[in-house]
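Basis for what follows: all heavy atoms, side chains included, without hydrogens, waters or symmetry-related copies. Letters A, B, ... are given to chains in the order of the sequence lines, protein chains preceding strands, and every chain is numbered from 1.
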Amino acid sequence: MNGAPFSFLRLGLVAQNTLREAVRQRLLHLFVGLALALVLGARGLQDFNFGAPELKFIADCGFGAMTLFGSTLTIAATAQLFFSEIENRTALTLLAKPVWRAEFLLGKLVGVALLTALFCALLTGLLAAVLWVREGELMALDPEGFRGGRAVSYAMVALGGWLQWLRLVVLAAFTLLVASFARTQVFAVVCGFGVLVICHLQHLAQEAYTRAGSAVGAALGGLFGGMFPNFQMLSLADSLAAADLPAPGTWLRLTAYGLGWALAAGLLAILSFRRREI
Amino acid sequence: MAPALEARGLVKDFPVGLRGVRLRAVDHLDLTVRAGVIYGLLGPNGSGKSTTIKALLGLVLPSAGECRIFGRPSGEVAARRDVGYLPEAPYFYRHLTGRELVGFYGRLCGLGRRELAGRVETVVAQVGMTAAADRAVETYSKGMLQRIGLAQALVHDPRLLILDEPTAGVDPVGSAAMADLIRGLRDAGKTVLLTSHLLGQMEALCDRVAILAGGRLVAEGTVADLAGGTGRQQLEVDRLDEAQVTELRAWLAARGRGLHGVAAAGRGLDAVFLERVGRGKGEGTEA
Ligand SMILES: Nc1ncnc2c1ncn2[C@@H]1O[C@H](COP(=O)(O)OP(=O)(O)O)[C@@H](O)[C@H]1O
Ligand SMILES: [Mg+2]
């Protein structure tokens, strides 16, 4: 009975409880409902009927809804699930048990990651179904245009969902990092959105700095690049064609990139949370 | 054997406001709680009782000094395996039922699935929450939260229980039941540290007490040491009229004793309340 090594079982229990708390919240149902409506809504624009490009349009709408609602959901859920433990003092009871703070914090992160995984799987599945049905209709209307068979690569749609999930996990980890030292939930949420914007736009900034050619600009760009992941890396190319599908090695590399950033932020969060007064 | 709890030179400062102003919540506290006793930590609001408990549990870092649980430094995760803790004004995951909640904490404490169900049943019954165990925690009253909180503290059968104001906001029936339960734990060989400012209750319950004021220890000892020893006695007799009282006074004076007070002995509202409401009829128990 000596020592109490880090336990993935306890981490898993915290994650499971976090996920359970999240899925029993009404706000979450609203978000999922809105996102689902948007994906289905894109399907409703069939009056346009402009052939294969319409499918790309539906996919863009679907992934756009996932990014918009997924990011908001992730930031809000991470901050809320963390601060409810602090403010209701449930963290006090939990950490008085033989539980490492790292197990608690990573458990929270894994719980949110599971939540976002459910979200992405649900929406990607729905999007794929909408695309499939619409593609079938378009094929019937215009057999000539689809002579080569289906135009959409569903592996590409799945990759899109996977990359979306990776972005959300990174976002959750950064939000948790801020929450680990923040005094208020609002602060964590605002910083979460700040991180979201930086991660999405930093490639633009870097291009601008590079074009300007100034040493200061390059250094600044490098600094941001070192501190925040580039979400441009974790986005689909502008095509749904099977020919453009990246090789499995690329999938792995992107996964490592996303999870690596999430882990780094998670470890920093553990460091900062270690000395927090509960 | 190592004492159940030990604080040596414990100091805790909280930063308050800007410019590094600090508030000393606990001031050079030395405390030893031997195993097998009911130990009361008394003191007015803000005297540092809860902060002391959090430091003993490793939930706040001491500014100076050290704390140990059964000889292990409080900061170690393993030290907390033998402790059950009921926080002050506890609040729990509102999305769980009472049974799920106790089960969750039980699994965190390392209980396997098989023993878990039995333990949960036992402790939920022990605190009289069986009937309400499948209701969501968010529907619980304050007294029920205290009781389910006690159940989660007991679930892994720890040797030491730390209860922060376990009877705050609990009605007399609930308080009396809580006191019986705590005595039962002591008789089963457990150590109990509890805080309260309801001194009457603590006097009847505790083996030893420490009194804090402004973060400092101002008195420590057995209840008899601290509160007994006035050299006086109370007698309860049938009603005497005035002449008889005068006669008694003279009788006592002849023996060098004084009569210091005469009052009608009431049963006390507590006793009436408990009798009329019935000890076992707290909320959450079967009707
Ligand atoms: N997290 C905190 N930050 C600042 N001050 C605190 C904090 N916790 C407690 N205090 C202060 O420390 C003192 C002791 O509080 P506490 O231990 O809760 O007293 P008690 O439990 O005896 O009522 C109080 O003055 C309280 O305001
Ligand atoms: Mg207190």
Side-chain angles (χ1 to χ4, degrees), chain A residues 1-29 77 80-105 107-108 111 115 181 183 270 272-278, chain B residues 12-15 25 50-51 53-61 63 69-70 72 74-96 100-101 103-113 136-138 145 148-149 152-153 155-156 158 161-162 164:
Chain A
M1 284 285 280
N2 262 321
F6 186 93
S7 150
F8 283 97
L9 172 68
R10 289 193 295 257
L11 189 159
L13 286 166
V14 175
Q16 184 189 33
N17 189 45
T18 303
L19 179 64
R20 179 143 56 162
E21 180 170 355
V23 297
R24 290 188 189 177
Q25 282 183 3
R26 267 188 220 103
L27 189 65
L28 173 88
H29 303 163
Q80 151 73 21
L81 291 169
F82 178 83
F83 277 96
S84 78
E85 292 263 10
I86 302 290
E87 279 161 15
N88 294 332
R89 279 169 294 128
T90 46
L92 208 60
T93 317
L94 193 81
L95 293 172
K97 299 284 181 202
V99 172
W100 289 90
R101 288 190 172 206
E103 291 165 358
F104 169 75
L105 210 62
K108 288 276 137 194
L115 176 71
F181 58 79
R183 289 282 128 218
I270 290 171
S272 103
F273 187 61
R274 230 165 27 125
R275 300 180 71 89
R276 182 175 181 135
E277 313 264 345
I278 303 298
Chain B
K12 180 63 197 178
D13 292 331
F14 286 113
S50 299
T51 306
I53 283 180
K54 287 185 198 171
L56 285 168
L57 282 166
L59 292 169
V60 301
L61 280 176
S63 309
I69 303 173
F70 291 114
R72 275 179 188 267
S74 294
E76 285 182 16
V77 168
R80 297 199 285 273
R81 237 182 332 223
D82 263 329
V83 194
Y85 169 52
L86 171 65
E88 185 174 18
Y91 198 80
F92 298 110
Y93 303 106
R94 43 191 291 143
H95 62 283
L96 298 181
E100 288 171 337
L101 183 83
F104 169 66
Y105 286 118
R107 293 216 62 204
L108 276 181
C109 291
L111 294 182
R113 274 184 195 283
V137 167
E138 70 183 315
L145 283 174
I148 207 72
Q152 66 76 27
V155 68
H156 57 305
L161 284 141
I162 298 186
D164 199 352

Could you tell me whether the side chain of B:K54 reaches within less than 4.5 Å of the side chain of A:I278, counting heavy atoms only? no

Which atoms of B:A79 come close to chain A, meaning under 4.5 Å heavy atom to heavy atom: side chain ones, backbone ones, both, or neither? neither

Atom pair CG/CD of A:L94 and B:Q152 - distance to nearest 0.5 Å: 9.5 Å

Under 4.5 Å from any heavy atom of chain B - which part of A:R20: both

Check the pair B:L108, A:F104 against side-chain contact (heavy atoms from CB on, under 4.5 Å), reporting the backbone distance first and the verdict last. CA-CA 11 Å; B:L108 276 181; A:F104 169 75; over 6 Å; no

Under 4.5 Å to a heavy atom of chain B? For A:E85 that would be side chain

Is any NZ, NE, NH1 or NH2 atom of the basic residue among A:R24 and B:E138 found under 4.0 Å from an Asp or Glu carboxylate oxygen of the other? no

What are the two closest heavy atoms between B:L57 and A:A96, and how far apart are they? CD1-CB, 4.5 Å

Side chain to side chain, A:N88 and B:F92, heavy atoms closer than 4.5 Å: no

Only pairs of heavy atoms separated by less than 4.5 Å count here; which of A:K97, A:R276, A:R89, A:E277 has the most with chain B? A:K97

May I ask you to decide if B:G110's main-chain N or O and A:R10's side chain share a donor-acceptor pair within less than 3.5 Å? no

How close do B:V77 and A:P98 get, heavy atom to heavy atom, and via which atoms? CG1-C, 3.5 Å

Can you tell me which of B:E100, B:E76, B:R94, B:H156 forms the most heavy-atom pairs within a distance under 4.5 Å of chain A? B:E100

Using non-hydrogen atoms and a 4.5 Å limit, figure out which bit of A:L9 sits close to chain B: side chain, backbone, both or neither. side chain

Please classify the contact between B:L86 and chain A as side chain, backbone, both or neither, with a heavy-atom cut-off of under 4.5 Å. neither

Comparing A:V99, A:N17, A:L13 against chain B, the one with the most heavy-atom pairs below 4.5 Å turns out to be A:N17

Go through it in stages, so that I can follow the logic: the residues are B:Y93 and A:T93, the test is side-chain contact (heavy atoms from CB on, under 4.5 Å), and I'd like the CA-CA distance, side-chain angles, deciding distance and then a yes or no. CA-CA 11 Å; B:Y93 303 106; A:T93 317; over 6 Å; no

So does A:F8 have more than 12 non-hydrogen atoms from other groups sitting under 6.0 Å from CZ? no

